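As the structure lists them, so they are numbered: ligands from 1, and atoms in each ligand from 1. Since the structure is predicted, the reported quantities are computational estimates derived from the model, not experimental observations.
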Amino acid sequence: MAPALPDGDAAPDDGALPASVVAGAEGRAFGVYLHVPFCTVRCGYCDFNTYTATELGAGASQSSYASTALAEIDLAGRVLAAADLPARPVSTVFVGGGTPTVLPVDDLARLLGGVRDTWGLAPGVEVTTEANPDSVTPESLAGLAAAGYTRVSFGMQSAVPHVLATLDRTHDPRRIPDVVRWARDAGLAVSLDLIYGTPGESLDDWRTSVETALATGVDHVSAYALVVEEGTRMAVQVRRGELPPTDPDDQAAKYELADDLLAGAGLGWYEVSNWARTPADACRHNLAYWRGDDWWGIGPGAHSHVGGVRWWNVKHPRAYADRLARGLSPAAGRETVDGESAALERLMLGVRMAEGLPIADLPAGARREVAGLVADGLVDGRAALARPAAGGSSPAGRIVLTRRGRLLADAVVRTLAA
Ligand SMILES: C[S@@+](CC[C@H](N)C(=O)[O-])C[C@H]1O[C@@H](n2cnc3c(N)ncnc32)[C@H](O)[C@@H]1O
Ligand code: SF4
């Protein structure tokens, strides 16, 4: 079961945006997220807004999905034009899921075509799709590259069969080097997603997974601590004692091991859960989220953010298709993020990035906490105390987490936000 959407305010039926979104738009990149809410099998740990064929029920179908999502792209083009926003070609596109690659390549090409026709794609645009390792072939990856996709993010999760089995993953781990090679041969940049701390996973299992990922030569890895989400099959298994709960100390040790192995292979962290070989290998779409740029999220349950206005779509593919068929915006609710909530959001996202947060941008109360965080070994003292550039008037210091700080990022945010 996917988590509930936030409450927020009512969103207008035509999706119109307030005039306030125009302020500062020239300085913000514009990206598009496209949600594909379908999976062949539902993994027991996953609470994303995704449906198997049996869960989908009548009134919505995978085969009509591309046309439905194209109707939202069309609406988005009209809403942004009516808001008098400057014409901004799309800098990044991210197709996520669910499992986007359960759709035929033609559908994924049509969706990207809709984005291109509506806004244009910026030179050097990054176009990523997520994929499960058993949902691609050399031909499908070449087809995606020919359609304009530049990057693929595979859900590898683990290289160890018993860990994959606990996660209900369906792919054969021996396929990982093949899919990475096929993608690279097609000219796509590749990222691998890993999960650590699965019940029953040993430290050696985790080492094997990270080393196997690195042996493919990938330039980008995301590693997430397994979260046992309420309402999932895994949460039931843990409650019944069929699986042990996750252990924060075990997950911390695995984070440190991953960071050592990844850094040793030349991949540096640029966000708490993301490592890249060079800055050019980082996921620019995610960087834009964390920096508070503008993006339109297409699809059921997708979230959008334009100029401090945030909204989210109805969750079920049937309700989504129904609203668009009636010419209505699929937005279910929205809110304006300003003042204190905007500052808190910048803090929560910015602090997790290796580029850090300018101390000068923090409220006075938060600035007073920095020395204590440095003394506790959570914030890098050298970065915090950096002197202003010659002639500069504001402090150049930034909040950059130490590795211990990365493990306790939420506590750092709580201290700064208090
Ligand atoms: C929603 S999936 C979409 C991509 C693709 N379907 C897949 O599973 O590989 C994106 C990533 O979210 C992560 N994820 C999903 N549920 C999670 C959970 N409960 N805890 C940690 N990571 C999770 C997985 O690493 C996955 O690769
Ligand atoms: S394949 Fe990915 S999106 Fe689908 S259920 Fe599994 S983790 Fe979730």
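Ligand 1 has no nitrogen or oxygen under 3.5 angstrom from a nitrogen or oxygen of E130. For ligand 1, the polar-atom distance check finds no N/O of F154 at less than 3.5 Å from any of the ligand's N/O atoms. Polar contact check, Q157 against ligand 1: a nitrogen or oxygen pair lies under 3.5 Å apart. Considering both main-chain and side-chain atoms, I195 never comes within under 3.5 Å of ligand 1 through any nitrogen or oxygen pair. The distance criterion of under 3.5 Å between nitrogen or oxygen atoms is met by N132 with respect to ligand 1.
Side-chain atoms of K254 come within 3.5 Å of backbone atoms of E201 as a donor-acceptor pair (strictly under, hydrogens ignored). In this structure, the side chain of D376 does not engage the main chain of L378 through any donor-acceptor pair within 3.5 Å.
Ordered by chain and residue number, the residues placing a heavy atom less than 4.0 Å from ligand 2 are C39, V41, R42, C43, Y45, C46, G98, T99, N132, R169.
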Legend entry - Derivation of the side chain to side chain donor-acceptor pair (under 3.5 Å) call for R110 and S67: CA-CA 9 Å; R110 277 175 67 210; S67 301; 3.0 Å; yes
Legend entry - Trace of the ring-ring contact (aromatic ring centres under 6.0 Å, His included) decision for Y65 with F38: CA-CA 10 Å; Y65 182 69; F38 310 116; 5.3 Å; yes
Legend entry - Derivation and outcome, salt bridge (Lys or Arg N to Asp or Glu O under 4.0 Å), residues D172 and R174: CA-CA 5 Å; D172 181 338; R174 287 171 298 188; 2.8 Å; yes
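Of all protein heavy atoms, the one closest to atom 19 (N) of ligand 1 is V227 O, 2.8 Å. From the protein, the heavy atom lying nearest to atom 11 (C) of ligand 1 is D193 OD2, 3.5 Å. Of the protein's non-hydrogen atoms, the one nearest atom 9 (O) of ligand 1 is G155 CA, 3.0 Å. A225 O, 3.4 Å is the protein heavy atom nearest to atom 21 (C) of ligand 1.
In this structure, Y33 and H285 have tilted ring planes: the angle between them lies in the 30° to 60° band.
Per-residue contacts place G98 under 4.0 angstrom from the following atoms of ligand 1 (heavy atoms of the residue considered): 3 (C), 4 (C), 5 (C), 6 (N). Near F48, with a cut-off below 4.0 Å to any heavy atom, the atoms of ligand 1 are 1 (C), 12 (O), 15 (C), 16 (N). Listed by number with element, the atoms of ligand 1 under 4.0 Å from a non-hydrogen atom of Y224 are 22 (N), 25 (O). Within ligand 1, counting atoms from 1 as listed, the ones closer than 4.0 Å to a heavy atom of T99 are 6 (N). Each of the atoms 20 (N), 21 (C) of ligand 1 lies under 4.0 Å from some heavy atom of L226.
A heavy-atom distance below 4.5 Å is not found between the side chains of F94 and W295. Counting heavy atoms from C-beta on, the side chains of D410 and R352 come closer than 4.5 Å.
Other residues, nucleotides and ligands contribute more than 12 heavy atoms inside 6.0 Å of the CZ atom of R326.
Results of the side-chain contact (heavy atoms from CB on, under 4.5 Å) test with V160 over S202, P173, S209 single out S209 as the only residue that passes.
Residue contacts with ligand 1, taken as heavy atom pairs separated by less than 4.0 Å, do not involve T232 at all. With a 4.0 Å cut-off on non-hydrogen atoms, Y45 touches ligand 1 through its backbone as well as its side chain.
Remark: distances from the non-hydrogen atoms of R169 to ligand 1 include one below 4.0 Å. Within the 4.0 Å heavy-atom shell around ligand 1 one does not find C43. The closest approach between any non-hydrogen atom of G96 and ligand 1 is not below 4.0 Å.
In this structure, R406 satisfies the cation-pi test against W269, with its NZ or CZ atom closer than 6.0 Å to the six-membered ring centre and inside 45 degrees of the ring normal.
For the residue pair A83 and V21, the shortest heavy atom distance occurs at CB-CG2, 4.3 Å. In terms of heavy-atom proximity, T99 sits nearest to S135 at CG2-OG, 3.9 Å. What you find for A87 and P89 is that their closest heavy atoms are O-CD, 4.0 Å.
Atom CD of Q157 is separated from atom CD1 of I195 by 4.0 Å, given to the nearest 0.5 angstrom.
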